[in-house]
Amino acid sequence: LDATAERAAIEQVLSGDPEPFAGIVRKYQNLVASVAYRMGVRRTAIEDVASEVFMKVFTRLHQYDGRYALSSWIYRITTNHVLDEIRKRRHTAAQGLDDLAEPRDTRVDIVGDAEITERDELVRQALYELPDDYARVLILKHFEELSVLEIAEILNLPEGTVKIRLMRGRERLKKLLERRHPEHFAEFAPAARES
Amino acid sequence: MSRLDDSLNAYAKVRVSVSVDTRVMAQVRAAAQRRSPARLGARQLGLLLAGALGVVLAEASVWISLARNVRPPHLAPFSHAVLQLLFVSLRLVRIVEQLLGAVAAATALASPLGSAAAVGLLLSFVSFMAVRRLRRAAAVRGL
């Protein structure tokens, strides 16, 4: 599905024929699942979250104005959806997204997570405790390896604001980690920084 | 690059493959179906229209029968009949509304203009019958 076919598919879906939406799902399902997993959704919940994201994409397709790539728009919906879910469930039951999913057979293949260390996981958990504005830019910058310009497009922000939020977010993350896990992150403490 | 960057970037290498297109499309088709309700078949549409026509005829016959039976010397039965007629009329009007609503939802009448036209037609019919009935009553009183 190239950009032209994608636009044609969107127009067909908007005119009442839902079938071309299958092409959009097939093209972006791995992207959505990867973003969700990197943001903390566990293996057993990935399919549920991906389905929810695509239903949001379908119901809001009329809002897509084509100014940016469809992938950017889906990125934004995915990150917002996952962050909302994480926060909602944290407030209600203090459970992760994985705990709420029924264990079942799944066709989810994950590549590259064997190298994730305990320290990396602590950093990711701390990231979600930051205010949304900082968490979003850090996730897109580091987990998705997007440029400042791409982040600005996805979040609809000026580039300068993205840079400032990246800098402040990193500072807050360091402080949070050194306070919460001094045994792992002592190097962020002021004394360590001065030396 | 700091160790914090190393930890944050560790997740960038993770890739996930899923196949949710069948499942999503089932939900999408259901949602699309809900957005545009299934069109009624010709037989169902015919039945609905016949039902609406039947109710309209019943309404008309009740009014005609009342107008024919009203006599000035029988004022009490007249009031009683008017009350009864009001109850029957209200019921019939509700049935007509429901039938027209079902037809409108299944046809082009679902548009706001179509709905307004349907309500207008109904009101015209009721007004017409009321005027006719009042004229007839006045004529009867004049006898």
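Just so it is clear: chains get the letters A, B, ... in the order the sequence lines come, proteins before strands, and each one is counted from 1.
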Value rounded to 0.5 Å, distance of CD in Q27(B) from CZ in F54(A):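 Result: 11.5 Å between the selected atoms.
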Beyond-backbone contact of [X] with [Y], side-chain heavy atoms, under 4.5 angstrom:
| X | Y | value |
| --- | --- | --- |
| L173(A) | L8(B) | yes |
| R170(A) | D5(B) | yes |
| N30(A) | V16(B) | no |
| R26(A) | M25(B) | no |

Steps toward side chain to side chain contact (heavy atoms under 4.5 Å, CB included) verdict (F21(A), V24(B)): CA-CA 9 Å; F21(A) 193 70; V24(B) 169; 4.1 Å; yes
Joint cluster assignment, L14(A) & Y64(A), ILVMFWY side-chain distance < 4.5 Å: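 Hydrophobic grouping puts L14(A) with Y64(A).
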Heavy-atom donor-acceptor pair, S7(B) side chain to V123(A) backbone, under 3.5 Å: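 Not a single qualifying donor-acceptor pair exists.
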Check: R38(A) side chain, V14(B) main-chain N or O, donor-acceptor pair, under 3.5 Å: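 Yes.
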Test side-chain hydrogen bond (donor to acceptor under 3.5 Å, both in side chains) applied to S51(A) and R23(B), step by step: CA-CA 7 Å; S51(A) 300; R23(B) 174 178 167 178; 3.2 Å; yes
Please give me the minimum heavy-atom distance between [X] and [Y], naming the atom from each residue.
| X | Y | answer |
| --- | --- | --- |
| S19(B) | E47(A) | O-OE2, 4.3 Å |
| R119(A) | L4(B) | NH2-N, 4.3 Å |
| D21(B) | Q29(A) | N-OE1, 3.3 Å |

Y11(B) versus E144(A), side-chain donor and acceptor atoms under 3.5 Å: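 Side chains of E144(A) and Y11(B): no pair found under 3.5 Å.
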Proximity of residues 146-168 of chain A to chain B, residues having a non-hydrogen atom under 4.5 angstrom: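 Within residues 146-168 of chain A, no residue comes under 4.5 Å from chain B.
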Which portion of I139(A) sits near chain B, non-hydrogen atoms under 4.5 angstrom: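 For I139(A), neither part sits under 4.5 Å from chain B.
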Between V25(A), L122(A), T117(A), L31(A), the one whose heavy-atom pairs under 4.5 Å with chain B are most numerous: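 Max contact count across the listed options: V25(A).
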